[in-house]
Amino acid sequence: LFNKYPTIELDEKLIKSIKSKKAKIIFFYITEGYFGEEQTNYEWLENLSTKYNFDKKCIRRLIRGIYTQYKKWKLLK
């Protein structure tokens, strides 16, 4: 996803629901190490948030791996 597409297009109804705090975007990763190995993964999410002017809490990641949690903490430190 992050390497293939610079960003994604969202439906206007979804955008309105997210901005009114009735919905969130959740990326769910069940395998260790796929998300978070590259800083560009976090930048991609940041770009999506900026594109639609979403609050940072509107986009969530559910990640199984401990490594990616550590990497996020280290990058955002």
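The figures here come from the full heavy-atom set of this structure, side chains too, leaving out hydrogens, waters and symmetry mates.
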**Report entry** Cys58 side, atom SG; Asn53 side, atom CG - distance, nearest 0.5 Å
**Finding:**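 Reported to 0.5 Å precision, the distance equals 9.5 Å.
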**Report entry** Gap separating the OG atom of Ser17 from the CG atom of Asp11, nearest 0.5 angstrom
**Finding:**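 One gets 9.0 Å once the value is rounded to the nearest 0.5 Å.
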Min side-chain heavy-atom separation [X]-[Y] under 4.5 Å:
| X | Y | value |
| --- | --- | --- |
| Lys51 | Glu9 | yes |
| Ile26 | Arg61 | no |
| Ile18 | Tyr52 | no |

**Report entry** Residues which pass side chain to side chain contact (heavy atoms under 4.5 Å, CB included) with Lys57, listed by chain and number, not counting sequence neighbours
**Finding:**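 In terms of side chain to side chain contact (heavy atoms under 4.5 Å, CB included), with neighbours along the sequence ignored, Lys57 is linked to Asp55, Arg60.
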**Report entry** Heavy-atom pair with the smallest gap, counting every atom of Ile59 and Phe27
**Finding:**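 Looking at all heavy atoms of both residues, the shortest contact is CG2-CE1, 3.9 Å.
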**Report entry** Residue of the set Leu48, Leu45, Asn47 for which side chain to side chain contact (heavy atoms under 4.5 Å, CB included) holds with Thr7
**Finding:**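 Passing option: Leu48.
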Report task. Using salt bridge (Lys or Arg N to Asp or Glu O under 4.0 Å) as the criterion, list what pairs up with Glu43, not counting sequence neighbours. Result ->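 Residues passing salt bridge (Lys or Arg N to Asp or Glu O under 4.0 Å) with Glu43: none at all.
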**Report entry** Trp44 side chain to Tyr5 backbone, donor-acceptor under 3.5 Å
**Finding:**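 Checking the backbone N and O of Tyr5 against the side chain of Trp44, a donor-acceptor pair under 3.5 Å is found.
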